[in-house]
Visitor: 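Pasting a structure below so you can have a look.
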Amino acid sequence: MTAETSQTLDRGLRVLKLLADTDHGLTVTELSNRLGVNRTVVYRLLATLEQHTLVRRDLGGRARVGLGVLRLGRQVHPLVREAALPALRSLAEDIGATAHLTLVDGSDALAVAVVEPTWTDYHVAYRPGFRHPLDQGAAGRAILSARQRTLVDHPGYTLTQGELEAGASGAAAPLVGVSGVEGSVGVVMLADCIPDRVGPRVLDAAREVADALR
C-alpha cells in the first residue's frame, strides 16, 4: 500500500476477487484467514458490499458475489469490443473471412464482436450475440484448451470443421494473460479445411487483442 491508496477499498476489492474465484462462497473466518485481518474487519467489509448488492450471504452465512456486479459487467463488453476491433478488422481483411471475439458466458461461448471482410464475394454471416456451447466450435474449444493448459502440446490455436454449421470451418486462439477476461479470437469461413497460414494469423490476432486489453 502507498500513501495514495485506500487500504479499506483495497481489502474490499480483494474480498470480491476471492469470492469471484469460488463457486461455493466463503465464510467470514475463511475470508479473515485469506486476507490476514480480523473477523470484525471482514464483517464491516461484507456489510458495506452487501449495501451495494455486490455481495450476498446465504442462510449458512457464506458470502458470495452479488447481483450488483451484473450492472458493472454490462459495461465490460463494449469496452472489450472497442479494444478488439482494430485487430479483428485486420484479421478479417487479411484472411478474407469473418473474424470474431468470443467471451465465456456461463457454460456458453458468446460472440461479442464480429467483423466481416469487405472484399469477398461471400462469407459466413456471424452476428454479435451468437452463442453456442463451449465444447462446440473453434472459439469455445480454444477457451477450453487454455483452461486445460494443453497449449504446450498444440500450436496455440484450435481448428474445427462443420461443428456449428455444415460446410463451415473455424480457427480460434485463446486470449492469454488478460486478468478477468476469458475468451478467444477466431475466424469462420466457408471451406472444407483451413489454409495453413490461418492458424498462426489467428494466434497473432489473439495476442494483439490481449495486448490491447492489458
Visitor: Between CG of Leu26 and CG of Leu31, what distance do you get to the nearest 0.5 Å?
Guide: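 If I round to the nearest 0.5 Å, the distance is 5.0 Å.
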Visitor: Please identify each residue that fulfils side chain to side chain donor-acceptor pair (under 3.5 Å) with Arg11, with sequence neighbours left out.
Guide: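 Listed in chain order: nothing, the list is empty.
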Visitor: Among residues at least two apart in sequence or on other chains, which ones pass side-chain contact (heavy atoms from CB on, under 4.5 Å) with Pro128?
Guide: Val114
Visitor: Is Thr160 reaching over with its side chain to a backbone N or O of Ala138, donor-acceptor style, under 3.5 angstrom?
Guide: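 Side chain of Thr160 to backbone of Ala138: a pair is present.
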Visitor: Begin from the C-alpha positions of His123 and Thr120 and carry the test side chain to side chain contact (heavy atoms under 4.5 Å, CB included) through to its verdict.
Guide: CA-CA 7 Å; His123 51 261; Thr120 56; 3.0 Å; yes
Visitor: I'd like to check Val198 versus Val187 (side-chain heavy atoms, cut-off strictly below 4.5 Å). Are they in contact?
Guide: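 A side-chain contact exists here, since the closest heavy-atom pair is under 4.5 Å.
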Visitor: Listing request: all salt bridge (Lys or Arg N to Asp or Glu O under 4.0 Å) pairs with a residue in residues 177-191, at least two apart in sequence or in separate chains.
Guide: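 Listed by first then second residue: Arg147-Glu182.
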Visitor: Would you say Asn38 and Val42 make side-chain contact, with heavy atoms under 4.5 Å?
Guide: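 No, every pair of side-chain atoms sits at 4.5 Å or beyond.
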Visitor: Does anything in residues 99-112 form a salt bridge (Lys or Arg N to Asp or Glu O under 4.0 Å)? List the pairs, not counting sequence neighbours.
Guide: Asp105-Arg131, Asp108-Arg131
Visitor: Using a 4.5 Å cut-off on heavy atoms from C-beta on, say whether the side chain of Ser169 contacts that of Val188.
Guide: no
Visitor: Rounded to the nearest 0.5 Å, how far apart are OG1 of Thr158 and CD1 of Ile143?
Guide: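 It is 9.5 Å, given to the nearest 0.5 Å.
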Visitor: Given the rule in the side chain to side chain contact (heavy atoms under 4.5 Å, CB included) test, do Val112 and Thr102 qualify, once you have shown the distances and angles that lead to the verdict?
Guide: CA-CA 6 Å; Val112 298; Thr102 298; over 6 Å; no
Visitor: Go through the structure and list residues passing side-chain contact (heavy atoms from CB on, under 4.5 Å) with Val115, not counting sequence neighbours.
Guide: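 If we apply the side-chain contact (heavy atoms from CB on, under 4.5 Å) test to Val115, skipping adjacent residues, the hits are Leu85, Leu88, Arg89, Ala92.
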Visitor: Is there any side chain to side chain donor-acceptor pair (under 3.5 Å) pair reaching into residues 40-49, and which pairs are they, with sequence neighbours excluded?
Guide: Arg39-Tyr43
Visitor: According to side chain to side chain donor-acceptor pair (under 3.5 Å), who are the partners of Glu163, at least two apart in sequence or on a separate chain?
Guide: Arg141
Visitor: With a sphere of 6.0 Å drawn around CG of Asp196, does it hold more than 12 non-hydrogen atoms of other residues, nucleotides or ligands?
Guide: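 Atom CG in Asp196 is not crowded, with 12 or fewer foreign heavy atoms closer than 6.0 Å.
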Visitor: Could you work out, with side chain to side chain donor-acceptor pair (under 3.5 Å) as the rule, every residue matching Glu82, not counting sequence neighbours?
Guide: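 Listed in chain order: nothing, the list is empty.
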Visitor: So which atom in Pro195 and which in Met189 form the shortest heavy-atom distance, rounded to 0.1 Å?
Guide: CD-SD, 3.9 Å
Visitor: Return the minimal non-hydrogen interatomic distance between Ala83 and Ala212, and the atom names on each side.
Guide: O-CB, 3.7 Å
Visitor: His132 side chain to Gln136 main-chain N or O, any donor-acceptor pair under 3.5 Å?
Guide: yes
Visitor: Under the side-chain contact (heavy atoms from CB on, under 4.5 Å) test, which residues partner Arg201, sequence neighbours left out?
Guide: Ser90, Leu91, Asp94, Ile95, Asp204, Ala205, Glu208
Visitor: Indicate, with yes or no, if Phe130 and Val185 share a hydrophobic cluster defined by side-chain heavy-atom contacts under 4.5 Å among Ile, Leu, Val, Met, Phe, Trp and Tyr.
Guide: no
Visitor: Within this structure, what is the CG-CG distance for the pair Leu175 and Leu101, rounded to the nearest 0.5 Å?
Guide: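 The CG atom of Leu101 is 6.0 Å from CG of Leu175, to the nearest 0.5 Å.
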Visitor: Flag the pair Ile194 / Gln161 as yes when at least one side-chain heavy-atom distance between them is below 4.5 Å, and no otherwise.
Guide: no
Visitor: Could you tell me whether Glu50 and Arg56 make a salt bridge, using a distance below 4.0 angstrom between a side-chain N and a carboxylate O?
Guide: no
Visitor: Can you see which heavy atom on Leu159 is nearest to which on Ala171, and at what distance?
Guide: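 Answer, listing the atom of Leu159 first, then Ala171: CD2-CB, 3.5 Å.
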Visitor: Could I get the full list of salt bridge (charged side-chain N to carboxylate O under 4.0 Å, His left out) partners for Glu93, not counting sequence neighbours?
Guide: none
Visitor: To the nearest 0.5 Å, what is the distance between CG on Leu45 and CG on Leu49?
Guide: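 If we round to the nearest 0.5 Å, Leu45:CG and Leu49:CG are 6.5 Å apart.
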Visitor: Looking at every non-hydrogen atom in both residues, tell me the closest pair between Tyr157 and Pro200 and how far apart they are.
Guide: CE2-N, 3.7 Å
Visitor: Within this structure, what is the CG-CG distance for the pair Leu54 and Leu46, rounded to the nearest 0.5 Å?
Guide: 11.5 Å
Visitor: Kindly give the heavy-atom pair with the smallest separation between Ser184 and Ala142, and that separation in Å.
Guide: CB-CB, 4.2 Å
Visitor: For Asp58, enumerate each residue passing the salt bridge (charged side-chain N to carboxylate O under 4.0 Å, His left out) test, keeping only those at least two apart in sequence or located in another chain.
Guide: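 Residues passing salt bridge (charged side-chain N to carboxylate O under 4.0 Å, His left out) with Asp58: Arg64.
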Visitor: Going by the ring pair (Phe, Tyr, Trp, His ring centres under 6.0 Å) test, which pairs reach into residues 88-112, not counting sequence neighbours?
Guide: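 Of all non-adjacent pairs touching residues 88-112, those that pass ring pair (Phe, Tyr, Trp, His ring centres under 6.0 Å) are His100-Tyr126.
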